[in-house]
Participant: 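Handing you this structure, nothing more for now.
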Amino acid sequence: MNADAGAGSGSAAEQHTLAIAHPSGGQLIVSRDIDEWTQRAADLFVTLAQSAAQGESGHFTVALSGGGTPKRLYSTLATPAYAGQIPWERVHLFWGDERHVGPDDHESNYRMVRESLLNRITIPEENVHRVRAELSDAAEAARTYEADLRGFFALQPDDMPRFDLVLLGLGPDGHTASLFPGVDALHDTEHLVAAPWVAKMNSYRLTLTAPALNNAATVAFLVAGGEKAGILHDVLEGPSQPTLFPAQLIAPVNGDLLWLLDEAAAANITH
Ligand code: 6PG
């Protein structure tokens, strides 16, 4: 991928001209291949980071997705062509979810971001808000992360954080973040962070709750690859079954919902 050619060329207006409104309420941005997909995701990040950092708050807050798909984006953001356009000293990184493991565990979403991005850029340590998932009590880890969020965003008791950007993936079973089918956390409207037991993973997970995710200014799903075509169709064009397909819970209350897709993932989308 020639990052130089595309670095930062995706103005907000251009991103939105690429978007196709979908009846489910989101905007679909479909790229011809994974290289164009990565470039558009990186351009979106740059555009939103620059805009937020120059805005009233003076900083850009983003909740990063875990999993495999976003690694390409994080690695691209670390290249000089992109990293040089991002005001990292004004960027605050959070995680949308985390595995119940320490920061050096191969399963850790923090470790994945450290290796693909953090080790290759200069960002103040205090701007990296990782989940203390090494705490043996997952519920305590959730409370600790929630306290960090409440402190950073200076929230009143009933407030939700408003991230400038939330990045999300889509699991093959329709989960997003660590909101897995059937877990109680799907119905949690009180907390910012939950610690569901995920039976299929035989482990606890830490996750932002749907209300915390839905208060963001922009939510962008990053979905690529033909193996996601079936579940993406079910989520976007099938019946509303959010307990079965938790990604259907994501509907920003006052923000944009973008689906950054490649053609392979979008193959079964009829609208
Ligand atoms: C995680 C992610 C998870 C992920 C989906 C999709 O902790 O694994 O937060 O929700 O986004 O499982 O993963 P892929 O992008 O690797 O398909």
Side-chain angles (χ1 to χ4, degrees), residues 31 34 37-38 40-42 45 62-77 93-117 129-134 138 141-142 145 163 165-183 185-186 192-210 212-214 216 219-236 242 244-250 257-262 264-267:
S31 297
I34 195 65
W37 176 92
T38 306
R40 284 176 174 172
F45 191 102
V62 53
L64 300 174
S65 173
T69 304
K71 281 182 194 170
R72 296 180 67 102
L73 167 60
Y74 304 151
S75 298
T76 299
L77 292 174
L93 302 176
F94 298 84
W95 275 255
D97 73 318
E98 186 55 278
R99 287 78 181 281
H100 189 210
V101 294
D104 299 318
D105 190 290
H106 71 281
E107 280 289 313
S108 166
N109 287 333
Y110 164 78
R111 173 175 166 176
M112 180 269 287
V113 173
R114 184 179 66 199
E115 291 174 349
S116 56
L117 177 61
H129 305 262
R130 73 174 184 85
V131 183
R132 297 283 182 273
E134 65 273 20
Y145 189 43
F163 290 99
L165 174 62
V166 166
L167 297 176
L168 290 173
L170 177 64
D173 58 358
H175 81 262
T176 192
S178 281
L179 296 171
F180 281 81
V183 300
L186 299 184
L192 280 55
V193 185
W197 171 259
V198 183
K200 69 166 67 171
M201 301 290 181
N202 192 34
S203 72
Y204 284 100
R205 286 285 189 97
L206 287 310
T207 186
L208 293 182
T209 57
L213 296 167
N214 282 330
V219 176
F221 275 94
L222 305 174
V223 187
E227 70 279 5
K228 295 290 174 71
I231 188 61
L232 184 68
H233 170 75
D234 292 340
V235 167
L236 286 181
L244 190 58
F245 301 132
Q248 292 181 335
L249 290 170
I250 304 307
L257 176 57
L258 305 178
W259 292 82
L260 274 71
L261 312 172
D262 66 356

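In each ligand, atom 1 is the first atom listed, and ligand 1 is the first ligand listed.
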Participant: Determine the interplanar angle of the His129 and Phe94 rings, folded into 0 to 90°, and report it as parallel if under 30°, tilted if 30 to 60°, perpendicular if over 60°.
Facilitator: parallel
Participant: Check ligand 1 for N or O atoms under 3.5 Å from a protein N or O and list each pair with its distance.
Facilitator:
unit_1   : atom_1 : unit_2 : atom_2 : d
ligand 1 : 7 (O)  : Asp97  : OD2    : 2.8
ligand 1 : 7 (O)  : Arg99  : NE     : 3.0
ligand 1 : 7 (O)  : Asn109 : ND2    : 2.9
ligand 1 : 8 (O)  : Arg99  : NH2    : 2.7
ligand 1 : 9 (O)  : Asp97  : OD1    : 2.6
ligand 1 : 9 (O)  : Asp97  : OD2    : 3.0
ligand 1 : 10 (O) : His175 : NE2    : 3.3
ligand 1 : 10 (O) : Ala177 : N      : 3.3
ligand 1 : 10 (O) : Ala177 : O      : 2.6
ligand 1 : 11 (O) : Ser65  : OG     : 3.4
ligand 1 : 12 (O) : His175 : NE2    : 2.8
ligand 1 : 15 (O) : Thr69  : N      : 3.1
ligand 1 : 15 (O) : Thr69  : OG1    : 2.6
ligand 1 : 16 (O) : Gly68  : N      : 2.6
ligand 1 : 17 (O) : Lys228 : NZ     : 2.6

Participant: Using distance only, find each side-chain donor-acceptor pair of residues 170-178 under 3.5 Å and give its atom names and separation, not counting sequence neighbours.
Facilitator:
unit_1 : atom_1 : unit_2 : atom_2 : d
Asp173 : OD1    : His175 : N      : 3.0
Asp173 : OD1    : His175 : ND1    : 2.6
Asp173 : OD2    : Lys200 : NZ     : 2.5
Thr176 : OG1    : Gly169 : O      : 2.7
Ser178 : OG     : Asp97  : OD2    : 2.6
Ser178 : OG     : Arg205 : NH1    : 2.8

Participant: Just wondering, do Leu186 and Pro242 contact through their side chains at under 4.5 Å, heavy atoms?
Facilitator: no
Participant: Is the shortest heavy-atom distance from the side chain of Val193 to the side chain of Val131 under 4.5 Å?
Facilitator: no
Participant: Donor-acceptor pair, distance only, cut-off 3.5 Å: does the side chain of Asp262 make one with the backbone of Ser31?
Facilitator: no
Participant: How many angstroms lie between CH2 in Trp37 and OG1 in Thr76, if you round to the nearest 0.5 Å?
Facilitator: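 Here the rounded value is 9.0 Å.
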